[in-house]
Amino acid sequence: MTEQPESTESRAPAAGLDFIRAIVADDLRTGKHTSIVTRFPPEPNGFLHIGHTKAITLNFGIARETGGRCHLRFDDTNPETEDVAYVEAIINDIRWLGAEFGEHAYFASDYFDTMYKCAEHLVRGGNAYVDSLDEEEIREYRGTVTEPGRDSPYRDRSVEENLDLFRRMRAGEFPDGAHVLRGRIDMASPNMLLRDPILYRIRHASHYRAGDAWCIYPLYDYAHPIEDAIEGVTHSLCSLEFETNRPLYDWVVENVPLEGKPRQIEFARLNLDYTVMSKRKLLQLVKEGSVSGWDDPRMPTVAGLRRRGVTAEAIRAFNDMLGIAKTDIRVDMGKLEYAIRDDLNPRARRVLCVLRPLPVQLTNVPDGATEWLDAPFFPHDVREAAGPGVTGLDATRKLPLTRRILIERDDFQLTPPRGYHRLSPGVIVRLRHGPLIRCDDVLRNAAGDVVELRCSVQPDDGASGASGASAPKVKGTIHWVSETHALPCEVRLYDRLFLVPDPDAGTDGATGFKAHLNPASLEVVTGARIEPAVADDPPGSRYQFERLGFFCSDSVDSAPGHLVFNRTVTLREARARKAEGAIGRGGDGANRATRPPRDAAPSSGGAGRGVAASPVEIARRDPATAALLADTVAEGAAEATAANLIVNELPRELGGRGVAELPFGARELAELVTLLDQGVISSTGAREVLSELAASGGSPGAIVQARGLRQVSDEHALRPIVEAVIGENPAKADEYRGGRSGLLGFFVGQVMRKSNGKANPEVVARLVQNRLG
RNA sequence: UGCCCCUUGGUGUAAUUGGCAACACGCCUGACUCUGGAUCAGGAGAGUCCUGGUUCGAACCCAGGAGGGGCAACCA
């Protein structure tokens with residue numbers, strides 16, 4: 001209630017678009033697409049986890065940014081693992097995350113008809129056949145990663161026979177596994193997925209949604225591209241492990257009679273330190289009782305994070321911090337925690353809660369008296385930082401102060417370590433929102449344990465702490481509650497679920513990861529006391545327990561008579577405190593993720609065999625470039641220069657084309673080579689000419705003329721440009737004079753740019769050096 | 001061992017597409033503070049996996065290598 005409205009807009013990256021957004025922007029710019037359609041395709045066989053939120057923020061983010069749309073589509077093609085309960089949970093999570101799919105919620109199972117028709121089309125076109133090998137045989141025939149497969153004896157059945165068999169498969173005439181429908185591609189392909197992939201299998205199972213309408217079910221590689229095509233998806237974003245599936249995806253898109261031509265792009269999935277991110281493993285934790293359920297606050301699931309008190313905005317901010325790329329990643333928990341604190345800091349009310357109480361008697365406070373202190377829910381900096389539109393931050397509550405209070409056990413030390421900011425004998429501290437107190441006496445039991453303190457309220461001149469000349473020396477501020485007014489509560493302190501950064505690493509067997517479970521991932525504190533102001537707050541309310549961390553009341557177990565709080569995240573710990581060990585921190589302080597060095601061994605053989613190959617040798621390796629080189633030389637070009645251009649500069653201009661598809665030939669290349677060798681153009685100019693040739697052909701001489709690329713080596717002509725560049729960058733010039741010689745490249749580059757690549761860089765460099773040196 | 005992908009401070013991501021290696025988290029200093037929080041100011045830390053090549057100039061282009069990941073379910 002007192003929480004602020006959702007933080008406004010996540011930054012729009014102006015310069016550094018991630019590679020997928022760059023592709024999308026390009027497709028829009030070139031007119032390949034006029035609007036963008038993405039999709040998030042969960043399989044309803046488990047709960048969403050934080051890894052999925054990366055895909056969700058990406059797909060829905062792109063849709064929002066481009067004014068397109070993003071579909072939610074359940075990829076429910078496997079009747080054996082899927083369930084409506086998961087569908088409901090997923091929809092709930094997606095809604096909660098704030099992803100807007102509008103009307104666009106779909107089910108792959110609704111497309112079974114179309115998929116079937118497409119399959120018959122493939123059969124008729126000779127692109128698919130019914131195979132009657134059994135599962136074992138199919139595996140054998142597939143070959144291995146190093147050996148090609150062999151054609152199935154059923155591969156050449158006639159179209160009629162295939163059609164008949166496939167129809168009878170569908171009609172339920174055969175038992176499970178009797179036949180499969182396979183794409184006819186290439187049993188010898190180096191890509192295993194292209195070795196006649198299975199498209200349909202017989203499974204007499206009832207589907208949670210389609211019921212018993214089908215006894216054949218399509219497989220992912222076949223179904224997914226069809227689903228995308230049907231929905232008009234333009235960019236089908238998935239994780240890296242589907243990279244090798246892409247050729248198959250494209251094959252289906254191309255051979256199936258559907259309009260849509262979606263494009264699959266892969267990016268790296270999220271891995272978080274100290275947790276696992278596979279639905280299978282998370283399911284195992286749930287089933288085997290390692291956690292209380294999918295929504296256990298220790299789980300990296302959306303439901304778990306939500307129950308723990310994490311907001312949807314924090315999850316989105318976290319994902320925005322990460323970016324999108326193709327490098328396998330393993331993200332530090334610290335980043336998630338930062339995003340959570342950053343989000344909660346301005347929206348969580350501050351309240352006082354004592355986890356492990358130590359009784360304190362305030363000797364000069366009268367017995368039976370209660371002083372009700374006025375205490376704001378938010379600190380001044382949060383109130384001041386908030387914009388004028390934000391309301392609720394000025395709210396206050398009454399804090400009861402009585403003769404007997406409770407403070408945190410950790411906030412008292414008989415013999416304080418160096419730099420201890422809290423209470424110890426004879427020391428004065430401030431009670432948060434209350435008076436200063438001094439510890440006058442310590443009561444101990446027979447065992448020597450401290451059981452109670454006697455403190456006296458000290459005169460407070462109102463000035464802050466140590467400022468007044470004769471003011472008492474205040475060590476710090478501690479939190480407290482009134483023993484008579486405080487409410488008992490249960491507080492659950494969560495720590496990382498696993499003891500090692502990567503529980504999956506080096507685990508033998510499927511269950512190996514469980515060996516790394518952190519036995520102390522949950523600590524239940526039962527004797528805690530909290531100030532009475534929270535008594536009537538609804539479950540799920542979020543707070544900052546001052547000096548302890550962010551907490552929320554548990555949405556399932558907390559009730560008015562029985563308050564239960566979950567620790568969402570601790571407060572960031574300052575250095576001094578870190579060194580001495582924090583309050584209530586469950587686990588050990590070992591934060592440093594240990595990862596084996598990436599490049600332990602230096603390259604064994606050193607420089608490899610012999611000297612590096614020359615451009616000429618390299619050009620000759622490939623028949624196409626070899627021919628181009630030979631022809632170019634025949635046209636009168638110097639071989640070394642020609643080879644250099646062909647090997648080092650041409651690939652960039654090819655853009656996926658073969659050399660033969662270039663709109664120019666050996667004659668033009670030879671002319672370019674000669675121009676370069678004669679010094680008519682610089683190598684910068686040559687690159688530009690080559691680029692133009694590759695784009696639209698033409699004659700090098702004409703291009704040089706038209707673009708004015710003739711190299712300028714005349715110092716008199718160049719000097720004004722050099723002067724201009726130096727004049728525009730006085731600070732850099734000073735740095736250069738100061739010894740930062742690396743800036744030479746900067747100056748030369750600027751001149752080159754200003755001269756449109758015409759300047760002779762060697763002359764320019766000399767000029768710059770003379771002028772500044 | 002065949003094919004595909006990846007490699008930039010401790011972590012994650014950028015770099016005007018060949019021209020000053022930047023941002024965020026984390027870390028360190030200091031200021032401020034009735035939260036050892038927040039905020040503010042400053043700092044350290046990589047020369048871009050390696051070795052060569054092309055170029056006036058390479059994180060970016062070329063060659064060779066190294067390391068990491070993926071692919072041989074009738075899962076997705």
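One C1' atom belongs to B:C6, the other to B:G42, and the distance between them is 37 Å to the nearest Å. The separation of B:C60 from B:G18, taken at their P atoms, amounts to 11 Å, rounded to a whole angstrom. B:A44 sits 27 Å from B:A58 when the C1' atoms are compared, rounded to a whole Å. One C1' atom belongs to B:A14, the other to B:G70, and the distance between them is 26 Å to the nearest Å. B:G9 and B:G45 have their C1' atoms separated by 6 Å, given to the nearest Å.
B:G9 has its base anti relative to the sugar, with a glycosidic angle deviating from 0 by more than 90°. B:A14 shows a glycosidic angle more than 90° from 0 and is accordingly assigned anti. For B:U17, the O4'-C1' to base torsion is within 90° of 0; the nucleotide is therefore syn.
Residue A:Arg269 places its CZ atom among 12 or fewer non-hydrogen atoms of other residues, nucleotides or ligands, all under 6.0 Å distant.
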Taking only nitrogen or oxygen atoms into account, show me every contact under 3.5 Å that the protein makes with nucleotides 18-21 of chain B, one pair per line with its distance.
{"residue": "B:G18", "atom": "N7", "partner": "A:Arg687", "partner atom": "NE", "Å": "3.4"}
{"residue": "B:G18", "atom": "N7", "partner": "A:Arg687", "partner atom": "NH1", "Å": "3.4"}
{"residue": "B:G18", "atom": "N7", "partner": "A:Arg687", "partner atom": "NH2", "Å": "3.4"}
{"residue": "B:G18", "atom": "O6", "partner": "A:Arg687", "partner atom": "NH1", "Å": "3.0"}
{"residue": "B:G19", "atom": "N2", "partner": "A:Gly745", "partner atom": "O", "Å": "3.2"}
{"residue": "B:G19", "atom": "N3", "partner": "A:Gly745", "partner atom": "O", "Å": "2.9"}
{"residue": "B:C20", "atom": "N3", "partner": "A:Lys732", "partner atom": "NZ", "Å": "2.3"}
{"residue": "B:C20", "atom": "N4", "partner": "A:Lys732", "partner atom": "NZ", "Å": "2.7"}

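Cation-pi contact between A:Arg203 and A:Tyr217: absent, since separation from the ring centre below 6.0 Å together with deviation from the ring axis within 45° is not met.
In this structure, A:Asp221 and A:Leu219 have side chains that are not in contact, with every pair of non-hydrogen atoms separated by 4.5 Å or more.
Remark: A:His421 pairs with no residue by the side chain to side chain contact (heavy atoms under 4.5 Å, CB included) rule, at least two apart or across chains. Partners of A:Asn644 according to the side chain to side chain donor-acceptor pair (under 3.5 Å) rule, which considers only residues two or more places apart in sequence or in another chain, are A:Asn648. For A:Ile329, the side chain to side chain contact (heavy atoms under 4.5 Å, CB included) test picks out A:Lys54, A:Leu270, A:Val331, with sequence neighbours left out. Applying the salt bridge (charged side-chain N to carboxylate O under 4.0 Å, His left out) rule to A:Arg182 yields the partners A:Asp131; only residues at least two apart in sequence or on another chain are considered.
In RNA chain B, runs of at least 3 stacked Watson-Crick or G-U pairs (N1-N3 plus N6-O4 or O6-N4, or N1-O2 plus O6-N3, all under 3.5 Å) give these stems: B:2-7 with B:66-71, B:10-13 with B:22-25, B:27-31 with B:39-43, B:49-53 with B:61-65.
Atom-to-atom distance recorded for A:Ile265:CD1 and A:Lys326:NZ is 9.5 Å, nearest 0.5 angstrom.
A:Lys326 places its NZ atom 15 Å from the P atom of B:U8, with the value rounded to the nearest Å. Nucleotide B:C6 holds its P atom 13 Å from the CD1 atom of A:Ile20, rounded to whole Å.
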